[in-house]
Amino acid sequence: MRAVLAGTAAAAMLAGCGGLQAQSGTNASKTQPADVSGARKKLDSLAVKGRAPKTGFERDKFGPAWSDVDHNGCDTRNDILKRDLKNETFKSGTHDCIVLTGTLDDPYSGKTINFKRGNETSSAIQIDHLVPLSDAWQKGAQQWDADKRKQFANDPLNLLAVDGPLNGQKSDSDAATWLPPRKGYRCAYVSRQIDVKAKYALWVTTGEKTAMEGVLASC
């Protein structure tokens, strides 16, 4: 499920198999090399099942959008903005929580996008759940308690600021039906989806696993 509030992407992501992945912590140097070999092993460890019905899925089943789950005084949206933006500026009096402007090197398209907070401008950059919430719901999250779903929805490992229109295009697709148009980022993208699914013991469909294997084979 896409996150429609504005953010900025991991600017330090590099192309191809040398691409960088965001770590799960916030407000740190958040990148590490994509571990393609490790991703292949994790993918093989994931259960392969059919997609469960979407029945009962609602965004609020994963808690309020952008909660302060790490209790650092900033909501998750602003944590990701602060993590991923470069040349950012902040609203005064917010302890550098509310990001006003900055620049995104969009990993999905390769474009440079300027961010400006505002009703008419924020949506140009959005925060994506790499593993969409509705995809997670259909692949194991229905069985979780509310606290685990809230943690998942706010886990920085699963969050990335990206081009807004591309986030809308992705919607709740998995790797079988959508990949970033920037081919050089696909290795890092799929590797990180696998990291998330392994961390939360979510399963994959046969088509999804085949698509992931295809991307990793090209790395």
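Looking at P107 and V162, their side chains come closer than 4.5 Å, going by heavy atoms from C-beta outward. Annotation: side chain of T76 is in contact with side chain of W66 (closest heavy-atom distance under 4.5 Å). Side-chain contact between K139 and V204: absent, with no pair of heavy atoms (C-beta onward) separated by less than 4.5 Å. Between F90 and H95, the closest side-chain pair of non-hydrogen atoms is not below 4.5 Å. Between E88 and L81, the closest side-chain pair of non-hydrogen atoms is not below 4.5 Å. Side-chain atoms of I127 and L160, non-hydrogen and from C-beta on, never get closer than 4.5 Å to each other. The side-chain heavy atoms of L46 and L202, taken from C-beta on, include no pair separated by under 4.5 Å. The shortest side-chain heavy-atom distance between Q142 and T55 does not fall under the 4.5 Å cut-off.
Judged as a salt bridge (Lys or Arg N to Asp or Glu O under 4.0 Å), the pairs with a partner in residues 108-127 (not counting sequence neighbours) are, in order, K111-D163.
Of the possible donor and acceptor atoms, none in the side chain of N167 sits under 3.5 Å from a partner among the backbone N and O of S171. Under the 3.5 Å distance criterion, the side-chain polar atoms of S218 are matched with a main-chain donor or acceptor of V215. In this structure a side-chain-to-backbone donor-acceptor pair under 3.5 Å is present from S67 to P64. Distance alone, capped at 3.5 Å, is enough to place a donor-acceptor pair between the R149 side chain and the A141 backbone. Looking at T177, its side chain never comes within 3.5 Å of a backbone N or O of S173 through a donor-acceptor pair. Looking only at distances, no side-chain donor or acceptor of S191 sits under 3.5 Å from a matching main-chain atom of A188. Side-chain atoms of Q143 never come within 3.5 Å of backbone atoms of G140 as a donor-acceptor pair (strictly under, hydrogens ignored). The backbone N or O of C187 sits nowhere less than 3.5 Å from a side-chain atom of R192 that would complete a donor-acceptor pair.
Using a 4.0 Å cut-off between charged nitrogen and carboxylate oxygen, K197 and D135 count as a salt-bridge pair. A salt bridge links D172 to K54: at least one charged side-chain nitrogen sits closer than 4.0 Å to a carboxylate oxygen.
More than 12 heavy-atom neighbours from other residues, nucleotides or ligands sit within 6.0 angstrom of NZ on K61. Counting heavy atoms of neighbouring residues, nucleotides and ligands inside a 6.0 Å radius, atom NZ of K41 does not exceed 12 of them.
Residues N158 and Y200 bring no donor and acceptor atom of their side chains to less than 3.5 Å of each other. In the model, Y108 has a side-chain atom that pairs as donor or acceptor with a side-chain atom of D128 under 3.5 Å.
Residues V69 and V131 do not share a hydrophobic cluster, defined by chaining ILVMFWY side chains whose heavy atoms lie under 4.5 Å apart.
In this structure, F62 and F152 have tilted ring planes: the angle between them lies in the 30° to 60° band.
The side-chain hydrogen bond (donor to acceptor under 3.5 Å, both in side chains) with S109 is formed by just one residue from the set T112, D105, D106; it is D106. When each of V99, T101, D96 is checked for a side-chain contact (heavy atoms from CB on, under 4.5 Å) with T89, only T101 meets the rule.
Considering only residues two or more places apart in sequence or on other chains, A146 meets the side chain to side chain contact (heavy atoms under 4.5 Å, CB included) condition with none of them.
Both the sub-6.0 Å distance and the 45° axial angle are satisfied by K49 relative to the ring of W203.
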